[in-house]
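Single-structure report; data block below.
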Amino acid sequence: MIILASETSTLLGSVALFENGAQLAYKESPRQGSHSDVINVFIEDVLKKSEKKLSDIDLFAAGIGPGSFTGIRISVNAIKTLAYCYNKPIVGINSLINLAWQCPSVENAPIISMINAYKNMLYIATYKKVGGEIKVVREPEVI
């Protein structure tokens with residue numbers, strides 16, 4: 001299965017391409033402003049690096065926050081448009097869970113994921129890895 005994934009809800013925008021769980025190509029950029037002017041370029045770059053075409057994609061994935069409302073819309077709109085054009089499924093991925101997956105944690109140990117919500121606030125959730133899965137300990141909230 002080939003998956004094209006995009007995340008633009010935070011300052012670090014990214015696009016990645018995976019085949020059968022292996023990362024084929026990845027492009028990221030930290031930006032103070034919108035990722036709207038680079039997301040299509042990133043998609044084109046990862047496709048070119050991996051020698052794939054949009055018609056090869058089996059599943060499209062978009063980060064759905066929490067995070068910047070405008071940032072979420074950029075990723076969701078780009079991914080949803082491509083999924084619609086190629087009549088392929090789409091999935092939304094919680095950005096805090098994405099962070100938790102990156103943590104090389106000990107089984108059942110708490111993983112606290114945080115994203116800057118600005119204005120002296122944070123998006124925060126607590127997870128743990130159990131049997132190769134992420135389990136929610138404390139639901140996402142703004143503090």
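As a basis for the values below, the full set of heavy atoms in this structure was taken, side chains included, without hydrogen atoms, waters or symmetry mates.
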**Message:** Go through it in stages, so that I can follow the logic: the residues are Leu54 and Tyr86, the test is side-chain contact (heavy atoms from CB on, under 4.5 Å), and I'd like the CA-CA distance, side-chain angles, deciding distance and then a yes or no.
**Reply:** CA-CA 8 Å; Leu54 284 170; Tyr86 290 92; 3.6 Å; yes
**Request:** Report the C-alpha distance between Asp58 and Ile3 in whole Å, list the side-chain angles of each, state the deciding distance to 0.1 Å, and finish with yes or no for side-chain contact (heavy atoms from CB on, under 4.5 Å).
**Result:** CA-CA 6 Å; Asp58 298 307; Ile3 301 170; over 6 Å; no
**Stepwise side-chain contact (heavy atoms from CB on, under 4.5 Å) test for Met1 and Leu59** = CA-CA 8 Å; Met1 174 174 276; Leu59 176 71; 4.3 Å; yes
**side-chain contact (heavy atoms from CB on, under 4.5 Å) assessment of Ser95 paired with Ile115** = CA-CA 9 Å; Ser95 303; Ile115 296 173; 3.9 Å; yes
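Note: Glu19 CD to Asp56 CG = 8.5 Å, rounded to the nearest 0.5 Å. Going from atom CG of Leu96 over to atom OG of Ser113 covers 5.5 Å, rounded to the nearest 0.5 Å. Here the CG atom belonging to Leu4 is positioned 10.5 Å from the CG atom belonging to Leu24, to the nearest 0.5 angstrom. For the atom pair CG (Asn94) and CD1 (Ile64), the distance works out to 6.0 Å, reported to the nearest 0.5 Å. Residue Lys27 holds its NZ atom at 10.0 Å from NZ of Lys48, rounded to the nearest 0.5 Å. Summarising the geometry, atom CZ belonging to Phe60 is positioned 7.0 Å from atom NZ belonging to Lys88; distances are rounded to the nearest 0.5 Å.
Taking hydrophobic clusters as Ile, Leu, Val, Met, Phe, Trp and Tyr residues chained together by side-chain heavy-atom distances below 4.5 Å, Leu99 does not share a cluster with Tyr26. Both Ile90 and Leu47 belong to a single network of hydrophobic side chains, linked directly or stepwise wherever heavy atoms of I, L, V, M, F, W or Y lie under 4.5 Å apart.
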Taking only distance into account, with no hydrogens and no angle test, what donor-acceptor pairs under 3.5 Å do side-chain atoms of residues 135-143 form with protein atoms, sequence neighbours excluded?
| residue | atom | partner | partner atom | Å |
| --- | --- | --- | --- | --- |
| Lys135 | NZ | Glu133 | OE1 | 3.3 |
| Arg138 | NE | Glu141 | OE2 | 2.7 |
| Arg138 | NH2 | Glu141 | OE2 | 2.7 |

Would you tabulate the side-chain donor-acceptor contacts of residues 119-132 under 3.5 Å, counting partners in other chains and residues two or more places apart, or write 'none'?
| residue | atom | partner | partner atom | Å |
| --- | --- | --- | --- | --- |
| Lys129 | NZ | Trp101 | O | 3.4 |
| Lys129 | NZ | Cys103 | O | 2.4 |

Atom pairs and distances, donor-acceptor, side-chain atoms in residues 70-83, under 3.5 Å, two or more places apart:
| residue | atom | partner | partner atom | Å |
| --- | --- | --- | --- | --- |
| Ser75 | OG | Ser6 | O | 3.0 |
| Ser75 | OG | Ser6 | OG | 3.0 |
| Thr81 | OG1 | Asn77 | O | 2.7 |

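Residue-environment remark: CD (Glu107) exceeds the threshold of 12 foreign heavy atoms within 6.0 Å. Counted within 6.0 Å of OH on Tyr118, heavy atoms from surrounding residues, nucleotides or ligands total more than 12; the atom is thus considered enclosed.
When the options Val38, Val46, Val41 are evaluated for a side chain to side chain contact (heavy atoms under 4.5 Å, CB included) with Val15, the one that passes is Val46.
The nearest pair of heavy atoms linking Ala5 to Phe18 is CB-CE1, 4.4 Å.
There is no side-chain donor-acceptor pair under 3.5 Å between Ser9 and Ser68.
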